[in-house]
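Structure first, commentary second.
Worth knowing before you read on, the calculation uses all heavy atoms, side chains too, and leaves out hydrogens, waters and symmetry mates. First the proteins, then the strands, lettered A, B, ... as listed; each starts at 1. No experiment lies behind these values; they were computed from the predicted model shown.
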Amino acid sequence: MSLWTHIPGAFSTLAATGVDAGVVDIEMGRPLFLLIPALPALAALLCGLYWALGVKSKFPAWTTVAALAGSFAVTLVAYFEIAAPGLTHVVHGFRWINIAFGAAGGERMLFVADFSLYIDSLTVLWMLFVTGLATLIALYASEYMSDDVGPGYCRFFFAFSLFVVAMACLVMGDNLLMLFLGWEGVGLCSYLLIGYFFKKPSAVNAAKKAFVMNRIGDLGLMIGIMLAFLHFGSLRYEEIFAQVAILQQDGGDLAWTIKAIPYLLLVGAIGKSAQLPLFTWLPDAMEGPTPVSALIHAATMVTAGVYLVARMYPIFLLTPESLTLVAWIGGLTALVAATIGMAQYDIKRIMAYSTVSQLGFMFLGLGVLTSVGAAFHVFTHAFFKAALFLCCGAVMHGFAGQLDLRKLSGVQFMKGWGIVGVAMFVGCINLAGLPFTAGFFSKDMILAEAFTTPGFTALGVIALLTAGITAYYTFRVYFRVFLGPQHFEPGDELHGHDEHDHDDSHGDDGEAKTHDDGHAHDFHPHPPGWAINTVLVVLAVGSILAALAYVFPRETGGWVKGLISTSSAAGAAHHDHEASFFGLGDPHKVMYYVSGVIALVGIAIAWWLHLAGRTTAATSRADAIKQKIGPVGRWAERKWYFDEIYDFLFRYPLLIFSHIFYLFDKLVIDGLVDLFGRSPRSVGAGVRPTQSGGLQNYAMGMAGGLAFIIVVAWLVVWRMSS
Amino acid sequence: MDSLLTTSLTLAQDTRLEAFAGVTLYHYLFVSATMFSLGVIGFLSRRNLIIMFLCTEMMFQAAGIALIAFSRYWLNHTGEVFVIFVLTIAAAEAALALALVVYLFRRKSTLDADAWMELKG
């Protein structure tokens with residue numbers, strides 16, 4: 001079954017010498033859990049079949065919802081059987097890759113990667129919200145995508161199911177190669193779904209951008225996996241963790257190639273989780289349908305980077321400097337993305353930047369050794385961000401693709417939009433970190449730990465600032481779109497994503513042409529139906545209830561903490577109780593007040609600038625401030641010119657090189673080939689006139705040739721005989 | 001070359017016909033060469049397909065004369081047999097060639113070889 005079965009007793013000796021936190025008893029799990037990836041795979045197959053049969057109903061959606069719900073149910077079983085008691089099970093699926101190699105007579109090496117599931121509490125935590133949210137969002141999408149019923153509908157749900165399969169491989173695989181399989185699989189599905197509206201050039205470009213930027217990260221991940229195999233002789237988690245535990249016990253200097261592993265894995269995580277400097281693909285990924293944005297680009301796939309770091313935490317702990325890098329990348333990403341989010345007008349893009357920013361918080365949490373905080377934030381974020389996206393999607397669906405917060409106002413009070421407004425409000429207070437919400441608790445764990453960990457105070461301040469900014473831009477959206485005077489302009493297309501030019505000059509002339517009173521004459525927004533409303537209610541309730549996971553059960557210090565502490569991600573958090581928040585006392589306690597106040601200040605600023613005294617949808621007090629700060633505002637609105645810098649550094653040089661190579665190919669390579677092709681032609685062209693068609697000319701040639709031969713022969717004979 | 005010319009080229013024949021007693025191989029070869037040259041010149045200078053065809057026949061016969069002469073000179077029959085074969089083939093070929101000429105004439109109503117100049121490479 002693995003390397004260890006071929007070397008009898010190897011694992012037991014390891015276990016005997018290295019009894020450590022990293023080594024846990026592994027039991028064989030029930031094959032039942034293979035259903036978690038198998039059910040969505042079946043749904044994907046069926047959706048492909050529906051496509052082939054030309055099904056024109058909502059059948060693909062119901063199939064997907066049923067399969068995902070089944071998957072969720074099995075995950076619940078896994079929770080109660082494995083995660084809750086704190087066990088670790090390995091479920092063997094089938095032999096995937098098994099290669100023996102090595103010099104003859106020398107050491108024989110085995111490269112084994114099975115399709116097996118490694119189920120521990122970390123796995124189950126992730127799979128719970130992946131399958132749970134996927135079920136809900138598939139239900140939402142059944143209504144949201146209803147305009148595309150037909151081949152597009154089948155295609156959407158095929159990729160949707162396939163995504164869950166890939167995500168299950170990524171999270172549940174028992175070796176790094178299976179993680180990589182899932183990693184690439186979710187990347188593929190992300191590409192397919194971002195480019196769902198493949199007739200729109202912007203969507204196609206966004207899909208390409210996401211794919212290419214992820215490849216950069218994947219290269220790092222791939223090299224990291226190779227190095228891990230080189231050093232640990234296996235890609236299975238249990239064997240890697242066992243050996244890491246030995247290394248940790250032995251202490252001493254590590255080979256630089258081992259030290260490089262966490263950095264390389266981090267490169268992969270940065271790509272997938274949209275951190276600095278590879279984050280620019282995620283906002284563009286909003287070109288995909290909104291359910292996709294909610295599931296893949298907010299709740300699940302982008303947390304794969306966090307999962308990778310959490311899963312490989314023992315390796316990261318071997319080289320603590322790598323975690324410092326994780327923390328700084330996370331903190332800076334959080335700040336940069338939040339500042340960009342402040343200046344955007346497209347509500348979906350604001351949500352995208354807030355996702356990047358919150359992922360930054362999670363990385364910060366991992367970096368400051370609170371894997372519990374990071375995992376808890378992933379968990380709560382999955383709920384409230386999915387809710388926020390789905391609310392934005394409902395608005396977009398109802399107002400014909402309108403996403404510009406300057407063209408929508410007071411949606412909360414329109415008929416039929418109450419549930420959307422309330423769900424949005426719940427999502428916003430969570431994201432803003434209003435006291436006693438789930439987002440508040442999970443963010444606090446990270447913030448407090450940043451101030452507790454020596455040397456990270458600067459990052460803590462950055463994170464606090466970011467939290468304030470987050471509260472501001474979150475409620476900017478809520479106050480602009482959902483509160484205030486009722487007003488709307490429909491978007492320019494149905495259910496697609498509209499392109500806004502984010503120019504300052506945008507506005508008056510464009511509006512004045514078509515809508516004098518701000519309402520389209522023949523357009524009526526259609527409020528969401530039962531499917532969307534049900535999902536929003538469930539998510540809103542879930543977002544609120546997630547806060548309970550911070551408190552209960554009391555004996556483990558919260559539900560997530562209890563789960564994480566029995567998994568490999570249990571970090572040795574160095575609780576420095578001497579630490580103090582600027583002389584005010586234990587950061588863990590002070591942070592509740594500080595971050596609560598900061599959230600309230602952010603919300604108050606948003607209220608003053610965007611709601612108080614606002615009479616139109618398009619303008620607010622913030623416009624005057626934006627005028628004053630001029631270039632700084634533009635700097636943020638233009639995303640810190642990241643895209644332009646990348647264009648300048650990478651895209652244009654590549655373009656220039658490719659032009660040079662194109663010319664080389666055209667002139668030199670093609671020239672050589674053409675030379676061979678053309679030389680027979682030119683010879684032929686030179687000789688062709690001799691084939692004149694005149695019979696006498698040919699005869700003349702023959703006679704002349706004969707005469708020539710005779711003369712030559714005669715001369716030769718004459719010379720020889722004389 | 002001089003040695004070749006000084007060698008006796010008298011045909012090995014009996015002396016019954018006095019008139020031919022002085023005839024050497026040279027005379028036959030001269031006639032053959034003349035006929036061949038006339039054939040070549042005719043083929044090159046005339047445009048009429050039938051005349052050109054007749055010129056080729058003349059070249060054939062020139063070769064035949066040379067063969068007979070050599071055959072007589074060496075006193076073996078190979079050349080004569082060869083000429084009989086050539087004549088047979090030439091007869092068949094003449095039938096074929098004349099039929100072709102008739103067809104070509106039907107196409108263009110002329111016997112001018114230049115009428116077929118478009119048959120070029």
Side-chain angles (χ1 to χ4, degrees), chain A residues 201 654-722, chain B residues 1-7 9 26 29-30 32-60 62-63 66 93-94 96-105 107-121:
Chain A
L654 270 178
L655 277 178
I656 291 167
F657 271 118
S658 59
H659 272 289
I660 292 171
F661 290 136
Y662 171 76
L663 286 179
F664 181 81
D665 183 61
K666 195 84 194 156
L667 297 177
V668 180
I669 309 282
D670 276 10
L672 273 173
V673 173
D674 283 0
L675 188 66
F676 283 111
R678 283 198 186 132
S679 48
R681 289 179 59 147
S682 52
V683 170
V687 180
R688 194 173 307 129
T690 59
Q691 300 282 317
S692 62
L695 199 51
Q696 258 93 15
N697 293 345
Y698 300 149
M700 200 65 196
M702 283 165 65
L706 189 65
F708 178 76
I709 291 169
I710 287 171
V711 167
V712 169
W714 185 74
L715 277 175
V716 169
V717 171
W718 181 69
R719 284 293 292 268
M720 276 164 57
S721 58
S722 59
Chain B
M1 207 61 170
D2 294 338
S3 59
L4 201 71
L5 286 174
T6 51
T7 316
L9 291 167
Y26 267 137
L29 289 186
F30 180 75
S32 170
T34 310
M35 272 177 74
F36 190 86
S37 304
L38 282 173
V40 169
I41 292 165
F43 190 84
L44 291 178
S45 57
R46 301 299 294 267
R47 292 279 183 271
N48 188 308
L49 281 171
I50 293 178
I51 303 287
M52 287 166 77
F53 173 65
L54 289 177
C55 288
T56 62
E57 288 299 315
M58 196 138 91
M59 286 186 268
F60 251 133
E93 172 251 320
L96 205 69
L98 281 171
L100 273 173
V101 169
V102 168
Y103 269 106
L104 291 172
F105 180 77
R107 276 285 178 87
K108 299 243 174 180
S109 304
T110 174
L111 285 173
D112 192 347
D114 285 350
W116 298 92
M117 282 284 271
E118 72 262 31
L119 290 177
K120 58 184 176 188

Atom group of A/Ala699 that falls short of 4.5 Å from chain B, counting heavy atoms: both
Residue-level interface, residues 107-116 of chain B with chain A, non-hydrogen cut-off under 4.5 Å: B/Ala113, B/Asp114, B/Trp116
B/Met117, CE: over 12 other non-hydrogen atoms inside 6.0 angstrom: yes
Qualifying salt bridge (charged side-chain N to carboxylate O under 4.0 Å, His left out) pairs, either residue in residues 706-722 of chain A, two or more places apart: none
Inter-chain contacts: residues 32-45 of chain B against chain A, heavy atoms under 4.5 Å: B/Val40, B/Phe43, B/Leu44
Summary of salt bridge (charged side-chain N to carboxylate O under 4.0 Å, His left out) pairs that have at least one residue in residues 655-680 of chain A, sequence neighbours excluded: A/Asp674-A/Arg678
B/Arg46 versus chain A, the contacting section by heavy-atom distance below 4.5 Å: backbone
